[in-house]
Novice: 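Following this message is one structure expressed as C-alpha cells.
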Amino acid sequence: MVFPNEIKTDALRKLVWRNNNKLERQIIELFNEIFEHFDENEIQFTPTDIVSMLKTMFKAYWSVSDVRKLLKNNWKIEPKNNSLAYVKYDMEHNGSFYQLNRIGRYFTVNRNFITGIYDEMMR
C-alpha cells in the first residue's frame, strides 16, 4: 500500500502549487519584486493597484473582484475601514516601478508573509 506522504515530493508540491492558483502566484511574484526594488518591510495597495500592475507585468486579465476575493479568503487580510493616505506602487510599461501618494481603503501586507509564500512556491 502506498501512502500519500510517500509520493508527495518537493517537486510535486511545487507543481501543484504553481498550477493551483495562477493569480496568487503572479501577485506573489509582483510583491516580491516590489519588496526587492524599494527595500520596504510592508506595502499598502488596493485591488485596483494590483490589477493595473498585473496587466503591465503579465499581460493577463484579472478582475478587481478576483484579487479582493484572494486577499480576503486565502490570505485572510482586510482593508482599512476608512479611506486613508497610502503610498501606491505602480509600474511603467518598460517594467520600472514608481511611487505615488493616494487615498483609499488599502490592504497592507508585510515582507515576511510574502517571502514565506514565495519560498514555499520556489521550493
Novice: Rounded to the nearest 0.5 Å, what separates atom CD1 in Ile43 from atom CD1 in Ile114?
Specialist: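 Rounded to the nearest 0.5 Å, the CD1-CD1 separation comes out at 7.0 Å.
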
Novice: Do Tyr106 and Leu30 share a hydrophobic cluster, counting only Ile, Leu, Val, Met, Phe, Trp and Tyr and linking them when any side-chain heavy atoms are less than 4.5 Å apart?
Specialist: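 Different clusters.
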
Novice: Nearest 0.5 Å, please: how far is OG1 in Thr115 from CZ in Phe35?
Specialist: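 OG1 of Thr115 is found 7.0 Å from CZ of Phe35.
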
Novice: Please report the interatomic distance CD1(Ile27) to CG(Asn21), rounded to the nearest 0.5 Å.
Specialist: 8.0 Å

Novice: Consider only side-chain heavy atoms of I, L, V, M, F, W and Y, link residues closer than 4.5 Å, and tell whether Val64 and Leu23 are in one cluster.
Specialist: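 Val64 and Leu23: one cluster.
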
Novice: Test of understanding: with ring pair (Phe, Tyr, Trp, His ring centres under 6.0 Å), list the residues that count as partners of Phe97, not counting sequence neighbours.
Specialist: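 Ring pair (Phe, Tyr, Trp, His ring centres under 6.0 Å) list for Phe97, sorted by chain: His37.
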
Novice: To the closest 0.5 Å, what do you measure between CE (Met53) and OH (Tyr89)?
Specialist: 9.5 Å

Novice: Which distance, rounded to the nearest 0.5 Å, do you find between the CD1 of Ile50 and the CG of Asp90?
Specialist: 9.5 Å

Novice: Can Phe107 be reached from Ile103 by stepping across I, L, V, M, F, W or Y side chains whose heavy atoms are under 4.5 Å apart?
Specialist: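 Different clusters: Ile103 never reaches Phe107 through Ile, Leu, Val, Met, Phe, Trp or Tyr contacts under 4.5 Å.
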
Novice: Return the CG to CD distance between Leu54 and Glu29, rounded to the nearest 0.5 Å.
Specialist: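 Here the interatomic distance stands at 10.0 Å.
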
Novice: Without placing hydrogens or testing angles, list every side-chain donor-acceptor pair under 3.5 Å for residues 69-80, not counting sequence neighbours.
Specialist:
| from | atom 1 | to | atom 2 | distance (Å) |
| --- | --- | --- | --- | --- |
| Trp75 | NE1 | Glu24 | OE2 | 2.6 |
| Lys76 | NZ | Asn73 | O | 2.5 |

Novice: Give the intermediate values and the outcome of side-chain contact (heavy atoms from CB on, under 4.5 Å) for residues Asn101 and Val87.
Specialist: CA-CA 5 Å; Asn101 292 321; Val87 175; 3.9 Å; yes

Novice: By the side-chain hydrogen bond (donor to acceptor under 3.5 Å, both in side chains) test, which pairs, at least two apart or in different chains, include something from residues 38-56?
Specialist: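 Applying side-chain hydrogen bond (donor to acceptor under 3.5 Å, both in side chains) to every pair that reaches into residues 38-56, excluding sequence neighbours, yields Asp39-Arg111, Glu42-Gln44, Thr46-Asp49, Asp49-Tyr86.
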
